[in-house]
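These notes are about the structure you will find just below.
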Amino acid sequence: MPPFAAPAETTAAAPYLAALNPAQARAVEALDGPVLVLAGAGTGKTRVLTTRLAHILATRRAFPGEVLAVTFTNKAAREMRERLEAMIGAAAGGVWLGTFHALGARILRRHAELVGLTSNFTILDTDDQLRLLKQLVAAANIDERRWPSRVLLALIERWKDRGLTPDKVPPGDAGDWADGRALALYRAYQERLATVNAVDFGDLLLHNLTLFTAHADVLAQYQQRFRYLLVDEYQDTNVAQYLWLRLLAQRHRNLCCVGDDDQSIYSWRGAQVENILKFESDFPGALIVRLEENYRSTPDILAAAAGIIAHNRGRLGKTLWTRADAGDSDKVTVRGLWDAEQEARWVGDEIEALQRRGHKLREIAILVRAGFQTREFEERFIALALPYRVIGGPRFYERQEIRDALAYLRLIHQPADDLAFERIVNTPRRGIGSATLQALHQAARAQALPLVEAARALIAGDTLPRAARSALAGFVTALDRWRASAGRVPHTELVQTVLDESGYTGMLQADPSPDAPGRLENLKELVVAMAEFENLAGFLEHISLVMDNAADTGGDLVSLMTLHSAKGLEFDSVFLPGWEEGLFPSQRSINENGLAGLEEERRLAYVGLTRARRRAYVSFAANRRIHGQWQASVRSRFIDELPKAHIETVNEPGLGGAPYRAAAEPAAPWGADRPLVHSRARPPLLVESVRPPGRGQEVPKVGGFRVGDRVFHQKFGYGTVRAVEDNRLAIEFEHAGDKKVMDAFVEHA
DNA sequence: CTAATATTTATTTTT
DNA sequence: TAAATATTAG
């Protein structure tokens, strides 16, 4: 029974409910039992989540501390907390609201001892994980070149995504990495993490699962506590997160998941769309609510997005509609350009035109498939003096100097943090090289000690050269001194002391490289950031779990980002460049995952289009330089999937682009009945001719060109055909070098 | 131990 | 092409 049963009238009279449409209201008011809210793009998902949360608390169905609300990003969590505070005030603070990882960490810190950790465990980032794995791979005598650690790391992460500890990995699942030794290394990796009292991101949930299954009393405590559970972006949950939720929701069964199967774009991170598809069978008696009224985009944009996504199979199916006036709607602009430079030029011109018509730059975004595409735009925008910002890319705390500073702090906070130790024993240089480090490792392993303790032992002994011994002694003494003062002085003061006394600041000051001053600036910024926290532990937690990319500075800038990082955002005008086969949909995605990969690319297209409120511009280039090589490109099949009635094609003559054709494939090649496995076996697009084309040699004449022909290309000038396949030619140009182009773009010289 | 040189390899990255 | 990484020479 809820603590305070509310009379039904309270529910009906609640003012916040009046602002909802019928479907939203149903999703908010269905408080008993499991609920799945299928929320299409722009249908007021966040409003439903926060209102439901407020409703639960306002009707006194639960205390704030009895509600668990999970998001994927810190940003989403922050937004939800702010909106909740606006609705119900300070009580919002008591709700268990956060990312899966933050909540997992919160629970894990409370019960760390039960899974063999202490509560001050370190949360490793990718860099640390990789360094650790590299050591293990080297120790196992595995050739790093043949079996890269990063591949192993990906394997381990996928196992963790599935909730699999080493002993749970099915025998057939070991994979062929280093002849099936991946599993043994996974085990070694976990052991190593335990000895250094560290966890990685995956562990935050994995250890929770272990904890819950091994300690029924702990599980029961949380099951009892969480009367209501809310989950955002349910389509992106992986198996581990699913299991975690299922365990926690078991007692009260008041689980409300919100998601959109059409926006699932993280399967490569272990997300299982299946979780949302099978919700009904997982939680029998679940209420399914569809949010289909779109408040964001114009009818043309919605129709274009719908036209594309309709090509996917296995959807739960939603039809977005809008009350917006169709007469006040611009069609989606589709434009073919000569190359990426022209594309950037065109986008720049359009943006300037929008700007002249009074549009704000912050309401304009360029969404690309891959990071490298931003370069062309940046160059153009710099030339135009058009203010822009690139969202994504390396984060503040991933910078070298920040990570170094953090390593010092981590080591002070948690002496067993060997990874932190290794990172900074010799930064700045204090004469502790790989030989000394090797000796340290050996001693540490022999006596099962952390590296710092091994260092103490070696300083006392006489196995090390005198110079190395005194260098180590100096370092360890300093470390002890800092640790001793950590309790007395405020943590902001501590960093200053550490950076100065360690010689780190001095090292940067003496560094003549142009980015040294910037690094010093960053360190100052770090100190400022630290001031907002009570203590070192809180700060370190924030850094590893919460610190996200540079926040919105509020300036009027065009946003440049990948389609992935655009999820959840919206803009008046959205540019979607690079819609070319191979790039978008990404060839790699199709090769590796066949039909499923293609469909995920299509969802990405859907996400991109639905970011736009009023205007969307799709473009593609006939030629693109990839890895320094010019490639002729074929316009994306997605362009042909856009419904003609809702697009306006404005092409320069001859740049309509070659349409995507499923060459040598039966009709409907990505159709309902066949996986795209054959695309893996498809021959390379171009076969280089083995020998130089000699006269009299029998060369098949394809598309009017043959090997040895002298040709002219508008951009590259004169050249000689070196290889022919279908309508593609490899040409050795006199000035532009070797290029691969389509026959349509060259003529006989 | 550092610096110069060779080699390799290229999506997406909420935490 | 260009950045990141590995190797080798000093």
Side-chain angles (χ1 to χ4, degrees), chain A residues 70-79 98-105 123-126 129-130 134 138 143-146 148-151 153-154 157 160-161 199-205 232-233 235-238 240-241 263-271 367-375 391-395 397-398 426 429-437 467-468 471 541-549 561-569 578 582-593 597 600-601 603-604 607-608 624-631 737-738:
Chain A
V70 201
T71 64
F72 271 82
T73 65
N74 293 303
K75 197 174 157 216
R78 221 179 302 128
E79 267 174 32
T99 63
F100 276 101
H101 299 271
L103 293 167
I123 301 167
L124 298 187
D125 58 30
T126 317
Q129 287 175 276
L130 206 53
K134 279 195 168 149
D143 182 8
E144 169 80 40
R145 301 245 300 262
R146 183 138 178 244
S149 300
R150 28 202 313 277
V151 175
L153 178 58
E157 284 182 331
K160 291 190 174 182
D161 288 340
V199 302
D200 62 21
F201 277 111
D203 284 338
L204 289 172
L205 281 155
D232 191 14
E233 306 278 19
Q235 77 282 354
D236 287 333
T237 49
N238 60 34
Q241 289 158 342
Q263 292 190 65
S264 159
I265 54 173
Y266 281 106
S267 73
W268 49 276
R269 284 283 245 129
L367 311 182
V368 296
R369 177 61 180 83
F372 72 83
Q373 289 173 262
T374 58
R375 219 187 82 183
I391 295 174
R395 299 158 189 226
Y397 71 83
E398 278 166 2
N426 202 31
R429 306 226 154 88
R430 24 178 99 85
I432 301 168
S434 61
T436 313
L437 207 56
E541 185 88 344
H542 177 263
I543 275 285
S544 40
L545 284 176
V546 186
M547 191 130 165
D548 39 21
N549 267 325
M561 70 189 96
T562 63
L563 286 160
H564 282 91
S565 39
K567 200 172 81 165
L569 306 177
L583 179 59
F584 188 46
S586 142
Q587 190 60 51
R588 190 156 162 188
S589 198
I590 295 175
N591 288 347
E592 286 172 7
N593 297 303
E600 182 149 318
E601 294 288 306
R603 291 193 289 269
L604 213 40
V607 167
R624 190 173 292 274
R625 204 167 56 172
I626 289 173
H627 310 328
Q629 284 282 91
W630 280 97
Q631 304 270 179
D738 290 339

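Proteins get letters first, then strands, A, B, ... in listed order; numbering begins at 1 in each. Small disclaimer: the values here were computed from a predicted structure and weren't measured.
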For DNA chain B, what dot-bracket results from Watson-Crick or G-U pairs at under 3.5 Å, with [ ] for crossers and | for inter-strand partners? ||||||||||.....
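Rounded to an integer number of Å, the gap from A:I543 CD1 to B:dT15 P is 13 Å. Straight-line distance from the CG atom of A:N238 to the C1' atom of B:dT13: 14 Å, rounded to whole Å. As a whole-Å value, the separation of A:Q129 CD from B:dT13 P is 17 Å. Here B:dT15 presents its P atom at 9 Å from CG of A:L545, a figure rounded to the nearest Å. We find that CD of A:Q241 is positioned 12 Å from P of B:dT15, with the value rounded to whole Å. Whole-Å rounding puts the A:F584 CZ to B:dT12 C1' distance at 11 Å. Rounded to whole Å, atom C1' of B:dT15 lies 4 Å from atom CZ of A:F201. Per the geometry, CG belonging to A:D200 stands 15 Å off C1' belonging to B:dT13, to the nearest Å.
If you check every strand for non-hydrogen atoms under 4.0 Å, A:I432 touches sugar and phosphate atoms only. Using a 4.0 Å heavy-atom cutoff across all strands shown, A:D125 reaches no nucleic acid atom at all. Counting non-hydrogen atoms under 4.0 angstrom, A:F100 reaches nothing in the nucleic acid.
Chain A approaches DNA chain C within less than 4.0 angstrom (heavy atoms of the protein), and the contacting nucleotides run 5' to 3' from C:dT1 to C:dT7.
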Nucleotides 7-11 of chain B: which of its N/O atoms have a protein N/O under 3.5 Å away?
from   : atom 1 : to     : atom 2 : distance (Å)
B:dT11 : O2     : A:R369 : NH1    : 2.9
B:dT11 : O2     : A:R369 : NH2    : 2.5

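Applying the side chain to side chain donor-acceptor pair (under 3.5 Å) test to A:Q263 and every residue at least two apart in sequence or in another chain returns A:D260, A:R611. Remark: A:E233 pairs with A:K45, A:K567 by the salt bridge (Lys or Arg N to Asp or Glu O under 4.0 Å) rule, at least two apart or across chains. Every residue two or more places apart in sequence or in another chain that forms a side chain to side chain donor-acceptor pair (under 3.5 Å) with A:Q129 is listed here: A:Y189, A:D200. For A:R624, the salt bridge (Lys or Arg N to Asp or Glu O under 4.0 Å) test picks out A:E343, A:E580, with sequence neighbours left out. Shown here are the salt bridge (Lys or Arg N to Asp or Glu O under 4.0 Å) partners of A:R375, two or more places apart in sequence or in another chain: A:E379. Taking the ring pair (Phe, Tyr, Trp, His ring centres under 6.0 Å) definition, one finds that A:F72 meets it with A:F100, sequence neighbours left out. Every side chain to side chain contact (heavy atoms under 4.5 Å, CB included) that A:S565 has, sequence neighbours left out, goes to A:M561, A:T562. Remark: A:E144 pairs with A:K134, A:V137, A:P148, A:S149 by the side chain to side chain contact (heavy atoms under 4.5 Å, CB included) rule, at least two apart or across chains. Applying the ring pair (Phe, Tyr, Trp, His ring centres under 6.0 Å) rule to A:F201 yields the partners A:H101; only residues at least two apart in sequence or on another chain are considered.
Between the side chain of A:D236 and the backbone N or O of A:A271 there is no donor-acceptor pair closer than 3.5 Å. Checking side-chain atoms of A:D125 against main-chain N and O of A:S544 turns up no donor-acceptor pair under 3.5 Å.
Annotation: C:dA6 and B:dT11 have their C1' atoms spaced 24 Å apart (nearest Å). Spacing between C:dA3 and B:dT12 at atom P, rounded to whole Å, works out to 15 Å.
In this structure, A:R603 pairs ionically with A:E600, as a charged nitrogen and a carboxylate oxygen lie closer than 4.0 Å.
At a cut-off of 3.5 angstrom, counting only N and O atoms as typed in the model, there is no donor on one side facing an acceptor on the other between the side-chain of A:R269 and the base of B:dT12.
Remark on DNA chain B: of its neighbouring residues A:G431 and A:M561, the 5'-side contact belongs to A:G431, judged by nearest-heavy-atom nucleotide.
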